[in-house]
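Here is the structure we will look at.
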Amino acid sequence: MAKYVYFFGGGKAEGRGDMKEILGGKGAGLAEMANLGMPVPAGFTISTELCTVYYQHKGKFPPGLRRDVDRAMARVEKIMGMQFDDPVNPLLVSCRSGARRSMPGMMETVLNIGLTSKTIPALIAKAGNARFVYDAYRRLIQMYSDVVMEKAAGIEPPEGKGVRQQLEREMAKLKEARGVKLDTDLTVDDLNGLIEVYKAKVQEVLGKPFPDDSDEQLWGGIAAVFRSWNGKRAISYRRIEGIPDDWGTAVNVQAMVFGNMGDTSATGVAFTRNPATGDGHFYGEWLPNAQGEDVVAGTRTPNPLNEATRPAGTEHLPSLEQAMAKTYKELVAHRNKLERHYRDMQDIEFTIQEGRLWMLQTRVGKRNGPAAVRMAVEMHKEKLITAQDAVLRVTPAQLDELLHPILDPAAEKQAKVIAKGLPAGPGGACGQAVFTASDAVAWAKQGKRVILCREETNPEDVEGMRAAEAILTARGGMTSHAALVARGWGKCCIVGAGALKVEPEHKQFQVGGVVVKEGDWLSLNGTKGVVYPGQLPMVVGTEENPNFAAFMKLCDKVRRLGVRANADTPDDARKARQFGAEGIGLFRTEHMFYGKGAEEPLFKLRKMIHSKTLDERRKALDELYPHIKADIKATLEVMDGLPVTIRLLDPPLHEFVPRGEDERTRLAESLGISLDELAARADALHETNPMMGHRGVRLGVTYPEISECWLRGIFEAAAELIQEGKKALPEIMIPVTCDVGELIHQAALVKKVHAETAAKYGMRRIPHLYGTMIEIPRAALRAAEMAQAAEFFSFGTNDLTQMTYGFSRDDIGAFVPDYVEKKLLPADPFQILDPIGVGELIGLGIQRGRATRPNLKVGICGEHGGEPASVKFCHKVGMNYVSCSPFRVPIARLAAAQAVAEDAEKSAKKKGKKLEGDK
Ligand code: ADP
Ligand code: MG
Ligand code: MG
């Protein structure tokens with residue numbers, strides 16, 4: 001039989017940290033910690049490959065597995081000095097799931113396996129602590145009946161009727177009857193009685209007794225973990241996260257250590273750095289006399305790990321640093337070792353059994369955008385990682401979080417706080433309150449923004465959490481389920497707002513006399529953990545973040561691809577420069593005819609368009625000219641010598657035909673023609689297919705005077721700036737070309753206007769470049785000739801995609817979603833550049849263009865220029881720059897840096913493989 005079982009413990013392991021694919025993340029982490037000599041309870045991992053085999057064989061284990069498991073168990077027994085199912089010295093184990101990538105709370109774990117009427121008395125005698133044994137046993141019944149007897153058996157109880165919830169209600173009843181608040185306040189007798197109630201309840205709900213056999217418990221647990229891979233929650237989580245269904249989960253069987261043996265025992269969760277802010281201090285939570293999920297489940301408010309990170313409002317709680325100073329120091333040493341070893345923030349689980357520390361898990365910790373950026377910057381500063389590592393540590397989506405809005409601080413000052421909680425996911429959010437996950441999904445589908453308000457969340461809520469703008473819970477700490485999941489998604493989240501009285505049955509919560517009902521607006525500041533009623537305005541918050549600037553510097557150091565912005569106004573240009581654009585890759589002059597202050601130029605443009613004779617048109621152009629020059633000059637001035645690619649006029653003519661009666665009258669008057677004549681001229685402008693009509697360079701060919709006007713505007717604006725002692729670098733871009741002839745034709749006009757303008761200003765040369773947009777497939781194919789006339793190409797990928805697919809940009813809504821859903825297309829090609837079709841044209845265009853003109857400058861304009869996968873494509877085909885909307889510039893800078901770092905990583909791996917092969 002293939003190897004399916006990997007042992008770990010006693011300072012060594014059969015597996016390694018880089019074997020996640022086989023061992024799952026948890027198994028790999030346990031193996032690695034064991035190899036590092038850390039105190040890991042012995043155990044073994046049954047590989048993810050067996051999960052696949054298990055499903056292929058319709059839920060049967062291959063023969064031989066039992067033998068391998070028995071052997072591994074014997075090694076565990078030897079190291080731990082206890083025996084499984086032994087009536088004198090019994091070993092208990094846990095059965096833990098663990099996929100390649102962490103899926104927090106999505107799959108199952110069962111603790112305390114091996115407690116039976118045979119082993120219980122022995123354990124009580126040995127531990128001298130009956131309370132602890134009964135506590136462990138009631139937990140086993142809760143977890144096992146839920147995970148193995150109900151979920152794995154495929155039983156889907158109605159909401160609130162699951163066996164676990166029913167058992168939890170029994171415990172709540174008991175606590176109420178005893179007048180105690182915490183589990184830990186229950187006595188031995190209470191627990192003993194509870195166990196009998198539990199057993200009866202299990203029999204009643206599931207129609208089966210709770211198994212009193214260690215072996216049955218063990219194999220039931222193993223099978224249940226494998227089955228949890230195909231549980232409903234796990235499947236929907238995989239869909240959201242894009243995790244393939246065939247990866248499978250591993251099962252880790254591990255000797256139990258007990259944090260619930262009294263006050264010198266404890267359990268905790270920690271992060272080597274703060275996952276919500278990136279702060280470099282060791283950060284975490286712990287509970288004395290507790291087991292397993294207690295910290296995460298939010299049933300008791302956890303204590304802070306140390307003094308340096310103690311949150312406000314926890315002054316009455318002891319930190320681990322205070323309560324168990326020596327053990328804490330040990331834990332810090334492990335923290336340091338793990339971070340140095342993994343060179344990344346780790347998410348750690350530990351348990352202390354009667355003063356002795358055990359490490360139970362380590363994995364790369366999830367973090368939100370602001371934390372990812374800060375950690376990347378600081379770890380690089382600490383020389384833990386290289387600049388290339390650093391840029392790979394932040395995903396474009398995480399960087400995007402920093403570019404996203406926060407509540408307007410000014411408005412916040414005026415607003416009244418209704419509740420405070422822990423800041424689990426930073427940023428701001430506004431939305432309408434909803435109280436169940438399914439409502440969150442339904443409301444979001446209707447296009448509403450919602451805030452999911454819960455007592456606490458559990459893995460069943462993930463889809464609702466996903467759909468919500470933000471999550472607000474009354475219970476739970478910074479490592480609670482809600483916090484963990486929200487952080488992974490970079491979602492605004494506040495947990496543990498203890499003053500909230502959440503009443504899902506009435507779809508409302510109460511807090512300090514205020515009632516918030518379903519549909520009421522709330523505003524959350526997830527950075528501070530503050531809740532406001534109503535809808536506060538939001539603003540973008542990068543300016544206040546020094547790590548953002550430092551991180552972008554790292555990106556710039558690594559990347560080779562230039563990044564420019566598409567900007568049409570001086571305001572946009574300023575924004576673009578703030579975001580780090582190195583020029584403008586697309587300046588559309590049509591912009592001046594839209595929006596505020598556009599009335600006058602628009603009127604003059606209409607006049608020009610409706611002109612019939614050359615004379616009329618010249619006159620109209622003369623009137624329009626000052627606007628054009630002023631517009632171009634203003635933006636060139638802001639860019640201060642950085643290149644600005646100015647596209648010559650490319651108007652959708654039909655959009656400029658006036659509709660209103662007044663407007664038509666005014667226009668006819670100004671042109672000195674009748675209304676009928678104007679109507680006739682407007683009709684003549686009508687095109688059947690304006691997308692492929694009389695536009696772009698075609699206008700310039702028919703009416704060279706239009707091109708001349710724009711060219712004059714460009715040259716005069718530049719000349720004036722230069723004479724004012726400023727800098728200007730315009731790049732003249734001819735749109736909608738398909739043949740070099742068009743470029744030659746327009747180049748003659750450029751030459752002429754340049755000569756005239758230079759003479760007028762007494763200059764020998766006005767700096768500029770001449771080039772074209774490549775947006776028609778023919779232009780890409782004939783690039784060799786196009787490059788004879790053009791000094792640069794800018795791929796206009798919106799139109800190029802339209803023309804290559806024959807998909808009308810404006811009409812794809814009707815069918816492209818179907819194509820994507822039916823997997824006929826991997827993605828909407830207007831969002832993510834098609835690398836093999838449109839991409840092939842681009843590649844060819846660059847290659848042929850550079851064969852003619854080796855220093856041909858090549859860029860991309862169009863929304864693809866800010867989409868990370870497309871940016872990486874542009875890097876790969878050797879473009880000089882990408883250009884995108886100003887807000888996307890940081891994303892493009894990051895993607896460009898990642899392209900370099902990924903290349904380097906790949907070739908390093910190849911080299912490594914080769915070296916291994918040489919050995
Ligand atoms: P998850 O993936 O949901 O975190 P885990 O397998 O890590 O599930 O286990 C749940 C909890 O039980 C964790 O707090 C873990 O530390 C604890 N736990 C798991 N195995 C053991 C063990 N052998 N001894 C003590 N605690 C354990
Ligand atoms: Mg869990
Ligand atoms: Mg865990």
Side-chain angles (χ1 to χ4, degrees), residues 8-9 23-30 33-34 39-46 73 76 79-80 82 84 91-115 132 135-136 139-140 142-144 146-147 218 221-222 224-225 228-229 231 233-234 237 249-261 265-271 284-287 289-300 302 346-354 356-366 458-459 462 477 479-481 483-485 488:
F8 57 84
L23 302 177
K26 203 175 285 167
L30 288 167
M33 284 197 294
V40 176
F44 53 89
T45 304
I46 308 176
M73 188 66 103
V76 175
I79 287 181
M80 301 304 290
M82 293 177 270
F84 190 63
L91 170 75
L92 304 189
V93 296
S94 62
C95 237
R96 319 173 64 188
S97 59
R100 283 191 217 180
R101 235 161 70 192
S102 121
M103 299 166 59
M106 288 305 119
M107 287 183 312
E108 309 297 351
T109 285
V110 182
L111 305 182
N112 307 330
I113 287 178
L115 276 176
F132 136 71
D135 182 57
R139 290 174 191 266
L140 170 66
Q142 262 173 284
M143 284 185 258
Y144 194 91
D146 170 49
V147 172
L218 175 64
I222 293 173
V225 169
S228 69
W229 177 253
R233 298 175 296 168
Y237 188 84
T249 179
V251 177
N252 301 284
V253 175
Q254 186 174 26
M256 282 303 300
V257 288
F258 301 102
N260 54 340
M261 283 184 94
S265 300
T267 184
V269 176
F271 300 88
E285 292 172 333
W286 71 288
L287 279 173
N289 198 13
Q291 191 180 40
E293 308 263 72
D294 287 0
V295 174
V296 186
T299 42
R300 282 155 69 189
Q346 297 291 300
D347 170 350
I348 300 170
E349 288 174 6
F350 63 92
T351 281
I352 298 164
Q353 178 176 332
E354 301 190 305
R356 182 160 176 204
L357 176 65
W358 294 94
M359 300 298 283
L360 285 169
Q361 188 169 322
T362 189
R363 63 180 170 206
V364 171
K366 285 199 196 286
N458 61 52
V462 277
T479 55
S480 67
H481 176 261
L484 222 66
V485 172

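Atoms within a ligand are numbered from 1 in the order they appear, just like the ligands themselves.
Proximity of E108 to ligand 1 is not established, as no heavy-atom distance is less than 4.0 Å.
Taking a cut-off of under 4.0 Å to the non-hydrogen atoms of L111, the atoms of ligand 1 that pass are 12 (O), 18 (N), 19 (C), 20 (N), 21 (C), 27 (C). The A255 neighbourhood of ligand 1 comprises atoms 22 (C), 23 (N), with distances under 4.0 Å to a heavy atom of that residue. Atom numbering of ligand 1 starts at 1 in the shown order; those under 4.0 Å from a heavy atom of S94 are 19 (C), 20 (N), 21 (C), 22 (C), 23 (N). Residue T109 has at least one heavy-atom neighbour below 4.0 Å for each of these atoms of ligand 1: 5 (P), 6 (O), 8 (O), 9 (O), 10 (C). Close approach to G292 involves these atoms of ligand 1, each under 4.0 Å from a residue heavy atom: 11 (C), 12 (O), 14 (O), 17 (C).
Remark: the backbone N or O of M143 is not paired with any side-chain donor or acceptor of D146 at under 3.5 angstrom.
Neither the backbone nor the side chain of T267 has any atom closer than 4.0 Å to an atom of ligand 1 (non-hydrogen atoms only). Counting heavy atoms closer than 4.0 Å to ligand 1, residue L360 contributes side-chain atoms (C-beta onward) but none from N, CA, C or O. At a 4.0 Å heavy-atom cut-off, ligand 1 does not touch Q291 at all.
Side-chain contact between L111 and Q291 is present, with at least one heavy-atom pair separated by less than 4.5 Å. Using a 4.5 Å cut-off on side-chain heavy atoms (C-beta onward), S97 and T109 make contact. Counting heavy atoms from C-beta on, the side chains of M103 and W229 come closer than 4.5 Å.
Ion pairing between a basic and an acidic side chain is recognised when a charged N comes within 4.0 Å of a carboxylate O; K26 and E349 show no such pairing.
Between A250 and T45, the shortest heavy-atom contact is CB-CG2, 3.9 Å. When every heavy atom of A34 is checked against every heavy atom of G9, the shortest pair comes out as CB-N, 4.1 Å. Annotation for F44 and F8: closest pair N-CE2, 3.5 Å, computed over non-hydrogen atoms.
With the Mg ion (ligand 3) as the vertex, OE1 of Q361 and OE2 of E349 span 100° to the nearest 10°.
For T109, every N, O or S atom stays at 2.8 Å or more from the Mg ion (ligand 3).
Looking at ligand 1, you'll find an N or O of K26 within less than 3.5 Å of one of its N or O atoms.
Ranked by closest heavy atom to atom 4 (O) of ligand 1, the top entry among R96, R139, Q254, E349 is E349.
The side chain to side chain contact (heavy atoms under 4.5 Å, CB included) check on R100 picks up E21, W247, with sequence neighbours excluded.
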